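Reckoned from all heavy atoms, side chains included, excluding hydrogens, waters and symmetry mates. All residue numbers refer to positions in the sequence shown, counting from 1. Because the structure is a prediction, the values reported are computed rather than measured.
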Amino acid sequence: MTVEFVGMIATRDQSETRPPAGPVVDPAYVRRFARAHEDAGFDRMLIAYGSSSPDATQVAAYAAAHTERIGLLIAHRPGFVAPTLASRTFATLDQFSGGRVAVHTITGGSDAEQRRDGDYLTKDDRYARTEEYLTILRRAWSSAEPFSHEGRFYRFENFAAEVQPAHRIPLYFGGSSAAAYRVGGRTADTFALWGEPLAETAEQIASVQAAAAAAGRGPLGISVSFRPILAATDELAWERASRILAGIKANGPFAGVLGGRSPENVGSQRLLAAAAKQDRHDRALWTATAAASGAQGNSTALVGDPETVARALLDYVDLGVTTILIRGYDPVDDAVDYGRHLIPLVRQELRHRELTGAAR
């Protein structure tokens, strides 16, 4: 089998261990960061969404213009532009980039964050809107004839787009609530989870696939995300992890977009619950970084030498994971190291399994 590797780029140098440096939009940094991911062998790079951050679609377009093959995973929050406009925006970029666009749908996990962009819907209504939105997107990307729509959140007549995507644009979907499972199960191609212990991850995968089956669909792709902390030996990796944790704590106070120390979204709550049980789980999972940062986004680490972390990632592949999102606390340098030391080990083992028929 093949496993897709996804990285993440930003428009300036920053992480939980150090404050932002340079202008909010640093074109040279974006070029360097995007090329580092392409050279490292990543399949896609995620461009995040936030109510105060630069527009993800324009960042993706700039990154596409300065790379050759790497895919663009554009985080997108339904509800702030009409789905008809979004369909043309993504289709146009897909044409310009040669079929490299994928869309990562974020319904929204914080009422306060949503309201900064003028959205006052409840969580349940946001998920209902997302389902309607993605249904329209899919039809807009595949309809050869004009069509009309009258739903709960959107209404239009005789929509027709001259531009169609260069390929079938994959839809990724994030969330950990029952509503997320239900809507993602009906609409997504790949369902994205944050990096929890193996047992909890298996439970989430079962819930996602059950929701897909209930919608009459086959199994979805499953993504998990981690912050690998690598060094030459396990011992050195844990020493580095301790320095990173100290940097996270020193760089506070954190605010984040998901509610600070009391996040509303289920995904962050689950990470904090895992951290409350213990710091270390399974082969290499470390949750102290999630606790220190308030689980703002994907924040659990895998700690060890490349062989240890590769084996840990393969443990998740054995659960049914098809996509792995990894990003570091030293963003560019870590992306380079993942390409040199980590990604090849995982792919080598998967090729070996394919050739020998071996599996765990």
Side-chain angles (χ1 to χ4, degrees), residues 4 6 9 11 25 27 30-31 34 38 43-51 53-108 117-119 121 126-174 183-184 186-190 192 215 217 220-221:
E4 177 184 59
V6 178
I9 65 170
T11 59
V25 176
V30 174
R31 291 196 300 271
E38 183 161 79
D43 298 289
R44 299 187 191 276
M45 50 190 174
L46 173 66
I47 301 93
Y49 181 101
S51 63
S53 60
D55 179 73
T57 307
Q58 295 189 58
V59 176
Y62 185 81
H66 294 279
T67 53
E68 298 295 330
R69 61 147 197 91
I70 191 167
L72 311 162
L73 182 54
I74 304 169
H76 182 66
R77 196 173 284 174
F80 301 115
V81 298
T84 49
L85 172 58
S87 73
R88 302 196 304 276
T89 299
F90 291 124
T92 302
L93 180 53
D94 200 50
Q95 288 289 345
F96 273 120
S97 65
R100 289 195 272 160
V101 168
V103 176
H104 179 55
T105 304
I106 304 172
T107 296
D117 267 332
D119 181 21
L121 291 184
R126 290 198 297 265
Y127 273 106
R129 179 180 61 190
T130 291
E131 182 172 4
E132 185 175 341
Y133 190 99
L134 295 180
T135 301
I136 294 168
L137 272 188
R138 272 284 175 237
R139 186 171 181 186
W141 286 335
S142 61
S143 178
E145 301 294 334
F147 68 96
S148 301
H149 177 86
E150 185 166 356
R152 179 180 171 191
F153 300 96
Y154 300 102
R155 178 183 178 185
F156 54 85
E157 297 179 7
N158 295 319
F159 171 74
E162 292 182 0
V163 59
Q164 293 291 311
H167 79 316
R168 184 184 183 278
I169 294 178
L171 291 178
Y172 292 62
F173 192 99
V183 176
R186 293 172 180 169
T187 60
D189 297 302
T190 296
R217 307 181 67 208
L220 305 186

Should [X] and [Y] count as side-chain neighbours, where that means a heavy-atom distance under 4.5 Å?
X      : Y      : result
Thr187 : Thr105 : no
Leu72  : Arg44  : no
Ile47  : Ile9   : yes

From [atom1] ([X]) to [atom2] ([Y]), nearest 0.5 Å:
X      : Y      : atom1 : atom2 : answer
Phe159 : Ile136 : CZ    : CD1   : 9.5 Å
Ile74  : Asp55  : CD1   : CG    : 9.0 Å
Thr135 : Arg186 : OG1   : CZ    : 9.0 Å
Leu220 : Tyr172 : CG    : OH    : 12.0 Å
Met45  : Ile70  : CE    : CD1   : 5.0 Å

Listed by chain and number, what are the side-chain hydrogen bond (donor to acceptor under 3.5 Å, both in side chains) partners of [X], not counting sequence neighbours?
X      : answer
Asp119 : Gln114, Arg129
Arg155 : none
Thr130 : Thr107

Partners passing side chain to side chain contact (heavy atoms under 4.5 Å, CB included) against Ala160 (at least two apart in sequence or in another chain):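 Scan of Ala160 (side chain to side chain contact (heavy atoms under 4.5 Å, CB included), adjacent residues dropped) gives Pro146.
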Contacts of type side chain to side chain contact (heavy atoms under 4.5 Å, CB included), residue Ala192, not counting sequence neighbours: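 His104, Ser223.
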Over 12 foreign heavy atoms within 6.0 Å of CZ, Phe147: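 It does: Phe147 CZ has more than 12 such atoms within range.
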Can you list the residues that meet the salt bridge (charged side-chain N to carboxylate O under 4.0 Å, His left out) rule with [X], with sequence neighbours excluded?
X      : answer
Glu38  : none
Arg168 : Asp189
Arg69  : none
Arg100 : none

Might you point out which heavy atoms bring [X] and [Y] nearest each other, and give the distance in Å?
X      : Y      : result
Tyr154 : Gly79  : OH-CA, 3.6 Å
Pro170 : Val101 : CD-O, 3.4 Å
Phe153 : Leu121 : CE2-CD1, 3.9 Å
Thr11  : Pro54  : OG1-CG, 3.7 Å

Of all pairs that satisfy ring pair (Phe, Tyr, Trp, His ring centres under 6.0 Å), the ones with a partner from residues 55-77, not counting sequence neighbours: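 Of all non-adjacent pairs touching residues 55-77, those that pass ring pair (Phe, Tyr, Trp, His ring centres under 6.0 Å) are Tyr62-His66, His76-Phe90, His76-Tyr133.
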Side chain to side chain donor-acceptor pair (under 3.5 Å): pairs with one or both residues in residues 141-151, sequence neighbours excluded: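 Non-adjacent pairs meeting side chain to side chain donor-acceptor pair (under 3.5 Å): Glu132-His149.
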Pairs flagged by side chain to side chain donor-acceptor pair (under 3.5 Å) wherever residues 86-97 is involved - sequence neighbours left out: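 Output for this query lists Asp94-His167.
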